[in-house]
Trainee: 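Handing you a structure now.
Computed from a predicted model, the values in this text were never measured in an experiment. Counting starts at 1 for both ligands and their atoms, following the listed order. Residues take their numbers from the sequence shown, with the count starting at 1.
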Amino acid sequence: MKTFNKLAAVVLLSGSACLATAQDDITFHTKEVAKNLYVIDGTGGFAGGRMALSIGEDGVVLIDDGLAAHLDKINSAIKSVSEKPVDFLINTHLHSDHIGNNASFGADHVHIVSHANLRDRLKKQGIDKDTPAPADALPIITFSEDIRFHLNGSEIHVFHLPKAHTDGDAVIHFRDLDVIHTGDILFSGMFPFIDLKNGGSVEGYIAGQKALYDLAGKESIIVPGHGEIGDREALKASFKMLSDANKRIAKLKKEGMSEDEVVAAKPLEKYESWSWAFITTEKMTRTIYKDLK
Ligand SMILES: [Zn+2]
């Protein structure tokens with residue numbers, strides 16, 4: 001994931017329209033992480049957020065649908081493990097690298113599921129904050145706290161964590177398989193993007209990661225939106241870093257330092273290894289500063 005290039009920054013910030021010709025080298029792969037549960041990852045450039053696919057007799061459930069520019073490749077990856085059409089598509093959050101193909105799946109009569117706030121934002125502002133999403137892209141099933149699917153011999157618990165990465169985040173817990181897809185409430189080993197403009201918050205993000213850590217057992221498989229698949233220790237490392245970063249910056253802000261002065265003081269220098277193309281140490285510092293009361 002450290003190989004993210006500037007494209008990642010463009011995509012995450014402003015949508016995917018510019019990517020159509022730039023992503024020809026990306027290939028998608030599937031990997032079975034638990035029985036009948038696959039993750040779909042791309043390599044060769046910025047492939048968007050990590051997707052997952054639950055297959056079985058009762059239906060096919062897709063988690064997130066990637067960047068619009070990759071639709072054909074993503075469909076091929078899905079078909080490589082399941083000949084059946086997708087029944088449900090769960091959206092983890094509003095960003096174009098996670099739900100860039102909603103309109104296509106919606107038009108194919110896939111039942112899109114999301115937190116209510118995600119649907120509201122899509123309807124009002126779209127993914128890119130200025131164009132309302134087309135009707136086909138809108139979730140048709142929404143929840144405010146949680147929703148459960150009982151499919152393929154497994155309970156799939158989809159639940160909300162408030163004001164974390166955005167204000168419409170969904171986490172997916174495959175309870176019988178002991179797998180948690182965190183959406184972007186975990187960028188494993190990297191500074192996270194916390195989308196303050198779409199209702200995310202640093203405090204909520206930390207609280208969300210702690211809640212997921214508490215939910216997970218030692219053996220649980222943690223599937224993050226970005227970064228390596230691992231276990232709950234990745235959650236702990238991230239919230240410990242963020243809590244400490246938050247404290248360091250709060251102290252300087254309390255002393256009366258401006259945002260630029262805090263950046264110049266380099267309070268997150270010891271966490272330099274968490275920096276990457278889109279969330280540099282400076283950007284992480286500014287996000288935390290802005291979000292402090
Ligand atoms: Zn995101």
Trainee: Work out the angle at the Zn ion (ligand 1) between ND1 of H95 and OD2 of D184, rounded to 10°.
Mentor: 180°
Trainee: Is it true that D97 and H226 share a donor-acceptor pair across their side chains at a distance under 3.5 Å?
Mentor: yes
Trainee: Regarding S243 and N246, do their side chains bring together a donor and an acceptor under 3.5 Å, going by distance alone?
Mentor: no
Trainee: Would you say the Zn ion (ligand 1) has D195 as a near neighbour, meaning an N/O/S atom of that residue under 2.8 Å away?
Mentor: no
Trainee: Where does the angle between the aromatic ring planes of H165 and F187 fall among parallel (under 30°), tilted (30 to 60°) and perpendicular (over 60°)?
Mentor: tilted
Trainee: Measure from the Zn ion (ligand 1) to each N, O or S atom of H165 and report whether any distance is below 2.8 Å.
Mentor: yes
Trainee: Could you tell me whether K210 and D214 have a side-chain N and a carboxylate O separated by less than 4.0 Å?
Mentor: no
